[in-house]
Amino acid sequence: MTVSRASKLSVSARRGVYLLGAAAALTALSGCDKKAEGQVVAVVDGNEITAQEVNGELGAAAAQGEPDQQMRNVALNRLIDRRLLAEVAREEGIEDSPEYILRRRSLEENMLVQMLGEKLARDNKQPTPQQIDQMIAENPQAFADRTIFALDQIVFPMPPRRDVFNALTPAKTMAEVVTTLNRFGIKFQRGNNTIDSANLPPAVFQQFKRVGSSEPLVIPAGNAVTVAMVMRSEAAPLAGPAARNVAANAFTKRQVETALKTKLDAARKEGEIEYQSGFSALPQGGAQQGAA
């Protein structure tokens, strides 16, 4: 029997539909065949969730010891809820939005930098006893002189005018600080805070010790200014094995930061970077601080 060209095309098209339908059916069947067993602890719409993912959701709790079944079950259901809502977001087109694409890139880059730091930490040799001793000696604010400060604290954005700092210099009370900021029309936030001197740079710690509770201390940092007045302080020295563990971790962290800076300097030197007019490289050290 002779078949017209149109009929041949129709037959081919039907075969294509049949093949696509068969492929879809096979995919659906393969999804149905997935079972929650072994390392697969749940299957959501054909997508597996593994025990490793649950451990990742547990995070630090999994690293510190074997979590109980209730904790694992809570973590698993968090994963299931997130996966279901993520699918809803995809159905609503969020995955294709420019904002999502920008955020995903930022998250991926931050994760890569974090994992690079973790890799460098694993690759580093354990510090020697002498290096630990040196870390303890160089940071008395975290060890022998460690202190807990209770602060009355005011925080406000970095002002564009230097005369604000000049006006704050003679202030002897927080009330005078408030009066000065109000005079300049600067909005601020005020509250009580507790800070461990181990988290302070040595220079700032020495300023706290020198000034004590006699007057406020003005601390510019980045895009903000903190004015802090010590209300109370309590000595909390750290010594013995606990101090050595903290010092060893601090030493490793410093080594990682140094290695990251070295890699960043090399990457900037080798990379081709073109700035639009009005933008430029930061002064030495600025780029590294931004990356950190």
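Along the sequence shown, the residues carry numbers beginning at 1.
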Taking atom types as modelled, is there a side-chain donor on Q130 or Q134 under 3.5 Å from an acceptor on the other? no
Basic-acidic side-chain contact under 4.0 Å: R83, D45: no
Residues A171 and E215: closest non-hydrogen pair is O-CB, 4.4 Å
Backbone of M135 reached by a side-chain donor or acceptor of N139 within 3.5 Å: yes
For T50, does its backbone N or O pair with a side-chain atom of E53 as donor and acceptor, under 3.5 Å? yes
salt_bridge(R105, E108) N-O dist < 4.0 Å: no
Does a side-chain N-to-carboxylate-O contact under 4.0 Å join R254 and E138? yes
With F188 as reference, evaluate V155, V225, V227, V178 under the side chain to side chain contact (heavy atoms under 4.5 Å, CB included) test and give the passing residue. V178
If you compare all heavy atoms of T252 against all heavy atoms of P127, which two are closest, and at what distance to 0.1 Å? OG1-CD, 4.2 Å
Under 4.5 Å between side-chain heavy atoms, counting indirect links through other Ile/Leu/Val/Met/Phe/Trp/Tyr residues: same cluster for I49 and M71 or not? yes
Donor-acceptor under 3.5 Å (R232 side chain, A150 main chain): no
Are R244 and D133 ion-paired here, with the side-chain N under 4.0 Å from a carboxylate O? yes
Do Q153 and T226 have side-chain heavy atoms sitting under 4.5 Å apart? yes
Looking at N77 and N73, would you say the former's side chain and the latter's main chain have a donor-acceptor pair under 3.5 Å? yes
Does the E176 side chain pair with the main chain of K172, one donor and one acceptor, at a distance under 3.5 Å? yes
Do NZ/NE/NH1/NH2 and the carboxylate oxygens of R72 and D68 come within less than 4.0 Å? no
Take L151 and I195 through the side chain to side chain contact (heavy atoms under 4.5 Å, CB included) test and state the conclusion after the steps. CA-CA 8 Å; L151 306 175; I195 191 165; 3.6 Å; yes
If we only count heavy atoms from C-beta on, is the E234 to T147 side-chain gap below 4.5 Å? no
